[in-house]
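First comes the structure, then the notes that go with it.
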There are 2 protein chains.
Amino acid sequence: MSHSKQRKSNNRLDPLLDAAARLFAAQGYRETTIREISTSIDMLPGSVYYHFSSKHELLLAVYEEGVRRMLERMDKVPDPEESCPWKRVELALVAHLDAILDHNDYARVIISVRPDNVPEVADELRALRDKYESRMRAQIDDLPLPEGTDRHLLRLMLIGAANWTQFWYRPGGQTPQEIGATMISLLRQPLDEHYRDKL
Amino acid sequence: MSHSKQRKSNNRLDPLLDAAARLFAAQGYRETTIREISTSIDMLPGSVYYHFSSKHELLLAVYEEGVRRMLERMDKVPDPEESCPWKRVELALVAHLDAILDHNDYARVIISVRPDNVPEVADELRALRDKYESRMRAQIDDLPLPEGTDRHLLRLMLIGAANWTQFWYRPGGQTPQEIGATMISLLRQPLDEHYRDKL
DNA sequence: GTCTATAATGTGATAGAC
DNA sequence: GTCTATCACATTATAGAC
């Protein structure tokens, strides 16, 4: 179940995409050259243009594959009617964190390469981001929240906090599971102890 | 009270720094050329090198000025012994959001240009970021929090959510003040209504 | 302090052989 | 499908006049 529609086994499209994702995620789009990508898989720069007509088309292909994988991951979140809505949001958040943090170059490209910085395909990149983010929005909007809670900002806050983890996360510390669970609990419980008296 | 130590009034160092900050913030470091920066203030590319020996030295100067301004802003946060620690954190957060969102190109450069992407001065940029972030840490560490609260993750969560605002904030919607106040209240109060029964 | 002119390099991309 | 060879261009940076 690889990404390619009609696989021709004797080409190196997949390694090429992987290499591009890895370098775009680690260095950024503009900081990565066609030469670096191709030679990292022992391919010559000119050969890249058999697969993609330009560098930004290559980025777009990485983006598409990344969104496909993230949605696939998100779809695995169990959604039993019985389970607590907060638990579902936690599982969705953990899926998101996993996608970003678990050595997933494709996901990190989506989070770290800003559409604005690649004008030639900015619209397509934005559409792909939206496609994914609307999936997360649905989960959060289902939460039963106190009257007057700003759901919009809650969502942006949670997604922002999650996306920012890529800049400080280091393997060996807390796992994505632990980080997600703690973030949710920081929101569910009252952090202000005075609040407890008022209830 | 401008930034420069010994001002020589008849040069264009300040406009040059402003132009660099504006373009770096809007387009990114690699996406911005010396030509764009210089010609946007009617200066020729070669003249930039009278002021800075390289493009990354120019970035470093923008970073330094940005941190100086953000710390200056943070220092204006009133810190009366009497006031509630939560209120102080809120004011610090609002100062941070203001710096990012209020047309402040210098601050946005610090948030959006990643040290890793400019290897020549990566260490210096990281040190400048740390200098600023440690100031915010102190405010959050002073909060009285329930036993066992993960203060470390709370801080990263709040800073991450704040830093991410630059990617969705649009003038005309909620003000930085409102965003900061709402974020804090989402943390202080219990979002899970079941929590209220347990207290 | 700024300009003119240009060097030195790196980069995306192409044409055609195999 | 990949390689060889190379073009065309943009970019950082320098040298020296003014």
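Below, chain A is the first sequence line, B the second, and so on; all start at residue 1.
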### Task
Take atom CD of Glu36(A) and atom P of dT11(C), then tell me their distance rounded to the nearest Å.
7 Å
### Summary
Residue set satisfying ring pair (Phe, Tyr, Trp, His ring centres under 6.0 Å) with Tyr106(B), at least two apart, ordered chain then number -> none
### Salt-bridge present (Arg68(B), Glu65(B); N to O < 4.0 Å)
yes
### Query
Separation of Glu120(B) atom CD from dT11(D) atom P, in whole Å?
17 Å
Pairs under 3.5 angstrom only: tabulate donor-acceptor contacts from the side chains of residues 145-152 of chain B to other protein residues two or more places apart or in another chain.
| unit_1 | atom_1 | unit_2 | atom_2 | d |
| --- | --- | --- | --- | --- |
| Thr149(B) | OG1 | Pro146(B) | O | 2.7 |
| Asp150(B) | OD1 | His152(B) | N | 3.3 |
| Asp150(B) | OD1 | Leu153(B) | N | 2.9 |
| Arg151(B) | NH1 | Asp141(B) | O | 3.1 |
| Arg151(B) | NH1 | Leu143(B) | O | 2.8 |
| Arg151(B) | NH2 | Leu143(B) | O | 2.8 |
| His152(B) | ND1 | Arg155(B) | NH2 | 3.4 |

### Query
In whole Å, what is the span from the CE atom of Met43(B) to the P atom of dC3(C)?
6 Å
### Sequence-distant partners of Tyr132(A), ring pair (Phe, Tyr, Trp, His ring centres under 6.0 Å), two or more places apart
His96(A)
### Query
Base, sugar-phosphate, or nothing: which does Ser38(B) touch, judged by heavy atoms less than 4.0 Å apart?
nothing
### Query
Where the side chain of His51(A) is defined as all heavy atoms beyond and including C-beta, which of dT2(D), dT11(C), dC3(C) is the nearest nucleotide?
dT2(D)
### Summary
When rounded to whole Å, the CD to P distance for the pair Glu31(A) and dT11(D) reads 15 Å
#### Entry: Nearest-Å distance for atom pair CG/P, residues Leu44(A) and dG12(C)
15 Å
### Task
Would you please name every residue forming a ring pair (Phe, Tyr, Trp, His ring centres under 6.0 Å) with Tyr63(B), sequence neighbours left out?
none
### Message
Is there a side-chain contact between Arg30(B) and the phosphate of dG10(C), meaning an N or O under 4.0 Å from OP1 or OP2?
### Response
no
All N/O contacts under 3.5 Å from nucleotides 13-17 of chain D to the protein, with atom names and distances to one decimal?
| unit_1 | atom_1 | unit_2 | atom_2 | d |
| --- | --- | --- | --- | --- |
| dA13(D) | OP2 | Tyr49(B) | OH | 3.1 |
| dA13(D) | OP2 | Lys55(B) | N | 2.7 |

### Counterpart residues, ring pair (Phe, Tyr, Trp, His ring centres under 6.0 Å), relative to Trp164(A) (two or more places apart)
Phe167(A)
### Query
Leu58(B) CG to dT11(D) C1': how many Å, rounded?
15 Å
